[in-house]
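See below for the structure under consideration.
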2 protein chains.
Amino acid sequence: MKTKKKIFVIDDEADIQEIIRINLENEGYEVSTFSSAEEAEKYLEKIFPDLIILDVMMDGIDGYDFCKLLKSSNDYRNIPVIFLSAKTDELDKVVGLELGGDDYMTKPFGIKELKSRVKAHLRRTAKSAGNEKNEITYKEVSLNPENYSLKIDGDYVALTKTEFEILYMFMKHPSKIFSRDNIIDSIKGEDVFVVDRTIDVHIMNLRKKLGKYKNLIKTFSGVGYGFRE
Amino acid sequence: MKTKKKIFVIDDEADIQEIIRINLENEGYEVSTFSSAEEAEKYLEKIFPDLIILDVMMDGIDGYDFCKLLKSSNDYRNIPVIFLSAKTDELDKVVGLELGGDDYMTKPFGIKELKSRVKAHLRRTAKSAGNEKNEITYKEVSLNPENYSLKIDGDYVALTKTEFEILYMFMKHPSKIFSRDNIIDSIKGEDVFVVDRTIDVHIMNLRKKLGKYKNLIKTFSGVGYGFRE
DNA sequence: ATTAATTTTAACAAAATATTTATATTTTAA
DNA sequence: TTAAAATATAAATATTTTGTTAAAATTAAT
């Protein structure tokens, strides 16, 4: 929810590029397309992709070599690569060369297949990148990421996802003040536009759920909100 | 169910290799064939097989010796070996030598026999690897791994395999929320591509079967599902 | 090779949540 | 103290997510 996953599509056929772009953008990914490996290479320093979709046969540096290049770099080694090819035997070669334990699709491929493979790979890397959240406790209030709940004096109160995210952010940095824009950006992503008052409503709902501890959330007029005594 | 079981087939007759490969791949195993023990040995480091099918008579290292080699290694000792031989008396020798308490088949062998023996051995190792599941009980609901059944107030309700796996995971970690992706990964494996709403249907079916206890499965909107009061 | 069982998908209804709008209340600053 | 600015609240609306059903696809069993 925070930031979009970035995907590079490297294929010299413009229409393949577009089919993939449209479908993946539709799924909420940020897609950059390139017609050659050289072109993509230049952008690697600017944008760090979460996944690369790579055609095997291309002019200049072909898919095999580009992948080898990636896998020999510490920075890029762990980016999953999905190979594309029109011919099965080309893919055999990829598999045989053991260019990295990623994935392979033959053209023409189904859109559904594409989407689900992309999703599966991103799911996998998300897992290995330790982004677990830990329980945070303040006095008699504790926020539990395992079940998105709030324990107040021993009683459990359910939070919605957004409420949880906001409160988590607050409690993670108590005594820090967050502007409404801060909050919107980190909860929804930078390209999401909602009216400021929306945050007020979430804050209000959180305070209700905090019951007698509602004043732990402080309003800083003209600035924003924060969590503290 | 998570990943394919890997089987090595070591036999110098190419057609035997193929018959076995086709039939076992058909059963969902990942099969690697080798024409000699030496060849197989090289691959042991790359691929750790769950089971080995081994011809007794071969040029170079024969089946007896290869098996002895395996059994003398801590790493490979526990891989079950199924011996193949054209002659019964050769197998007698294997048994006599006590090369490990595995299994023996004479050529020609029936496909059905092969499959069931393979399955039996894999089942056995799976068990000894401490993956046994124990009965879990919560209030008047208990989940029995022996027969994938659910006992509710004394009545038995049959679960399908997937239903069982999901509920087992839930009850093993009550009060934890699992995302749909979490569930797919642990039930089906990371390389399986299904639409995540599939889980909703399983949840619904589980709730139906839970009858009056259906509300033990909670929905956490935007997050996932979990088991709790 | 059929049949049956299970799993998956797709479509739409229902529910939950998020956002906006409108208005009341509080805070700020001159 | 008072007008302007900012926030709180409640109610209305929009959006997202989930529940449910039925049909299609896959898998297992006969």
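Values in this document were obtained by computation on a predicted structure and should not be read as measured data. All chains are named by letter (A, B, ...) in the order of the sequence lines, taking the proteins before the strands, and each is independently numbered beginning at 1.
- Annotation: of the two residues near DNA chain C, A:Val195 and A:Phe220, the 5′-most nearest-nucleotide partner is A:Val195.
- The separation between B:Ile187 atom CD1 and C:dT6 atom P is 17 Å, rounded to whole Å.
- Comparing C:dT7, C:dT8, D:dT20 by their closest approach to the side chain of B:Thr162 singles out C:dT7.
- B:Arg197 places its CZ atom 8 Å from the C1' atom of D:dG19, with the value rounded to the nearest Å.
- For A:Lys208, the salt bridge (charged side-chain N to carboxylate O under 4.0 Å, His left out) criterion is met by no residue, not counting sequence neighbours.
- A:Phe220 and A:Tyr225 have their aromatic ring centers separated by at least 6.0 angstrom.
- Figure legend. C:dA30 is base-paired to D:dT1; pairs are counted as Watson-Crick or G-U wobble with both atom distances under 3.5 Å.
- Here B:Tyr148 does not reach the OP1 or OP2 of C:dA5: none of its side-chain N or O atoms lies under 4.0 Å away.
- Residue B:Lys161 has its side chain nearest to C:dT7 when only D:dG19, C:dT7, D:dT7 are considered.
- As rounded to whole Å, 16 Å separates atom P of C:dA5 from atom CG of B:Leu159.
- Near-neighbour residues of DNA chain D inside residues 207-218 of chain B, defined by a heavy atom below 4.0 Å, number-ordered: B:Arg207.
- Between A:Glu27 and A:Lys115, at least one side-chain nitrogen of the basic residue sits less than 4.0 Å from a carboxylate oxygen of the acidic one, meeting the salt-bridge criterion.
- Contact annotation for A:Thr160: backbone-only contact, meaning every heavy-atom pair under 4.0 Å involves sugar-phosphate atoms and none involves a base.
- Note: CD (A:Glu163) to C1' (C:dT19) measures 13 Å, nearest angstrom.
- Relative orientation of the B:Phe227 and B:Tyr138 rings is perpendicular, given thresholds of 30° and 60° on the angle between their planes.
- Remark: A:Lys46 qualifies as a cation-pi partner of A:Tyr43 under the 6.0 Å distance and 45° angle criteria applied to the six-membered ring.
- Using a 4.0 Å heavy-atom criterion, one finds that A:Thr198 contacts the bases of the nucleic acid, with or without backbone contacts as well.
- Between A:Glu163 and A:Lys209 there is a salt bridge, since a side-chain N of the basic residue sits under 4.0 Å from a carboxylate O of the acidic one.
- Within the 3.5 Å criterion, the main-chain N or O of A:Phe34 finds a donor-acceptor partner in the side chain of A:Gln17.
- When the side-chain nitrogen and oxygen atoms of A:His202 are compared with OP1 and OP2 of C:dT17, none of them lie within a distance under 4.0 Å.
- A residue-by-residue look at B:Val223 and B:Met204 shows that B:Val223 has its nearest nucleotide of DNA chain D further toward the 5' end.
- In the set C:dT19, D:dT20, C:dT17, C:dT19 carries the atom at the smallest distance from any side-chain atom of A:Val201.
- Between B:Tyr225 and the phosphate of D:dT17, there is no side-chain N or O to OP1/OP2 separation shorter than 4.0 Å.
- Nearest nucleotide to the side chain of A:Ser221, out of C:dT28, C:dT7, D:dT18: C:dT28.
- Distance, B:Phe164 CZ to C:dT7 C1': 18 Å, rounded to whole Å.
- We find that CD1 of A:Ile203 is positioned 16 Å from C1' of C:dT17, with the value rounded to whole Å.
- Between A:Ile199 atom CD1 and C:dT20 atom C1' there is a gap of 13 Å when expressed in whole angstrom units.
- Separating the CG atom of B:Asp200 from the P atom of D:dA22 is a distance of 17 Å, rounded to the nearest angstrom.
- Under the rule for a salt bridge (charged side-chain N to carboxylate O under 4.0 Å, His left out), the partners of B:Glu18 that lie at least two apart in sequence or sit in another chain are B:Arg21.
- Toward the 5′ end of DNA chain D lies the nearest nucleotide of B:Gly224, the other residue of the pair B:Gly224 and B:Asn205 mapping further downstream.
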